[in-house]
Amino acid sequence: SRKKLLKNAGLSFLIRKPLCDEDYIKNQLLKKNINKKNLPKLLAEAKALSVSKKNTKYLVVGSDTIILFKNKIINKAKTTEEAKTKLQKLSGKKHQIISSASVCLNNKQIWSYQQTSTIHMNALNQKQINTYLKKTGKDILSSVGCYQAEKLGPQIIKSINGDFFNVLGFPLFPFLAFLSKR
């Protein structure tokens, strides 16, 4: 979804996979009892720096997003059954989406931004969840919250408080403002 966001914003770019083990870094940070709200910022920076080491002449953007529900991180579902459980848990409740972007140049971070939005889910019964998951198919497993706000998510989302692009996983407006000053 980030690729689509940046492309739709008229930006030209190449995609490079981070050269770091994101899960390892995440686990190490959580073992150190860091504030979970800082996790996206630290992971975005680690990703950007890992690519910037081999691409020193280019602006390198790293990004990360987490969902916090009752101060617990919600990860992507691996199965439809797990997605069902996550949607039951979020049903009728609010959670936070925290997205961060980091820009590195010549192996140094030169800009970073983190943004938080709040999602309030509709109260969903089992039939509604099953119908929703049937419509979305396995594609829903690529979405951390199992709802994809840019697709069928509005069918089960009650409201969004904050920036819509942040909900999609990237603080687009602040990033574009940064680029306009370069």
Inset, instruction - Measure the spacing between CG of Leu5 and CG of Leu172 and express it to the nearest 0.5 Å. - result: 6.0 Å
Inset, instruction - Would you list the pairs meeting ring pair (Phe, Tyr, Trp, His ring centres under 6.0 Å) in which at least one residue belongs to residues 27-53, sequence neighbours left out? - result: none
Legend entry - Interatomic spacing from OG1 in Thr116 to CG in Asp163 - rounded to 0.5 Å: 11.0 Å
Legend entry - Sequence-distant partners of Gln88, side chain to side chain donor-acceptor pair (under 3.5 Å), two or more places apart: Gln126
Inset, instruction - Assess whether atom NZ of Lys89 is packed by more than 12 heavy atoms of other residues, nucleotides or ligands within 6.0 Å. - result: no
Legend entry - side chain to side chain donor-acceptor pair (under 3.5 Å) partners for Lys72, two or more places apart: none
Inset, instruction - Calculate, to the nearest 0.5 Å, the distance between atoms NZ and CD1 belonging to Lys93 and Ile119 respectively. - result: 15.5 Å
Inset, instruction - Sorted by first residue and then second, give each ring pair (Phe, Tyr, Trp, His ring centres under 6.0 Å) pair with at least one member in residues 62-109; sequence neighbours left out. - result: His95-Tyr147
Legend entry - side chain to side chain donor-acceptor pair (under 3.5 Å) involving Asn75 - partner list, sequence neighbours excluded: Lys26
Legend entry - In one Ile/Leu/Val/Met/Phe/Trp/Tyr side-chain cluster, 4.5 Å: Leu168, Leu11: yes
Legend entry - Residue pairs involving residues 117-136 (criterion ring pair (Phe, Tyr, Trp, His ring centres under 6.0 Å); sequence neighbours excluded): none
Inset, instruction - Starting at OH of Tyr58, measure out to CZ of Arg16 and round the result to the nearest 0.5 Å. - result: 9.0 Å
Inset, instruction - Please check if Leu59 and Ile15 belong to a single hydrophobic cluster, counting links between Ile, Leu, Val, Met, Phe, Trp and Tyr side chain heavy atoms closer than 4.5 Å. - result: yes
Inset, instruction - Identify, with sequence neighbours excluded, every residue that meets side chain to side chain donor-acceptor pair (under 3.5 Å) alongside Ser1. - result: none
Legend entry - Whether Ser91 side chain and Leu124 backbone form a donor-acceptor pair below 3.5 Å: yes
Inset, instruction - Report whether Phe173 and Ile160 are members of the same hydrophobic cluster (ILVMFWY, side-chain heavy atoms less than 4.5 Å apart, transitive linking). - result: yes
Legend entry - Sidechain-backbone polar pair: Gln128 side chain, Ile156 backbone, donor-acceptor under 3.5 Å: no
Legend entry - Contacts of type side-chain contact (heavy atoms from CB on, under 4.5 Å), residue Lys78, not counting sequence neighbours: Glu82
Legend entry - Where at least one partner belongs to residues 167-178, residue pairs that pass side chain to side chain donor-acceptor pair (under 3.5 Å), sequence neighbours excluded: none
Inset, instruction - Find the distance between CD1 (Ile157) and CG (Asn122) and round it off to the nearest 0.5 Å. - result: 8.5 Å
Inset, instruction - Indicate yes or no for a side-chain donor-acceptor contact from Lys36 to the backbone of Asn71 under 3.5 Å, with no hydrogens or angles considered. - result: yes
Legend entry - Leu141 side, atom CG; Leu133 side, atom CG - distance, nearest 0.5 Å: 8.5 Å
Just list the side-chain donor-acceptor pairs under 3.5 Å for residues 98-105, sequence neighbours left out, or say none.
{"residue": "Ser99", "atom": "OG", "partner": "Thr65", "partner atom": "OG1", "Å": "2.9"}
{"residue": "Ser99", "atom": "OG", "partner": "Asn166", "partner atom": "O", "Å": "3.0"}
{"residue": "Ser99", "atom": "OG", "partner": "Asn166", "partner atom": "OD1", "Å": "3.4"}
{"residue": "Ser100", "atom": "OG", "partner": "Tyr113", "partner atom": "O", "Å": "3.1"}
{"residue": "Ser102", "atom": "OG", "partner": "Gln109", "partner atom": "OE1", "Å": "2.7"}

Inset, instruction - Say whether Leu29 and Ile74 are linked into one hydrophobic cluster, either directly or through other cluster members, by side-chain heavy-atom distances under 4.5 angstrom. - result: no
Legend entry - Partners meeting ring pair (Phe, Tyr, Trp, His ring centres under 6.0 Å) with Phe178 (sequence neighbours left out): Trp111
Inset, instruction - Flag yes if Phe164 and Val144 sit in one hydrophobic cluster, no otherwise; membership is Ile, Leu, Val, Met, Phe, Trp, Tyr, and two members link when side-chain heavy atoms are under 4.5 Å apart. - result: yes
Legend entry - salt bridge (charged side-chain N to carboxylate O under 4.0 Å, His left out) contacts in which one or both residues fall within residues 38-60, not counting sequence neighbours: Glu22-Lys47, Lys47-Asp64
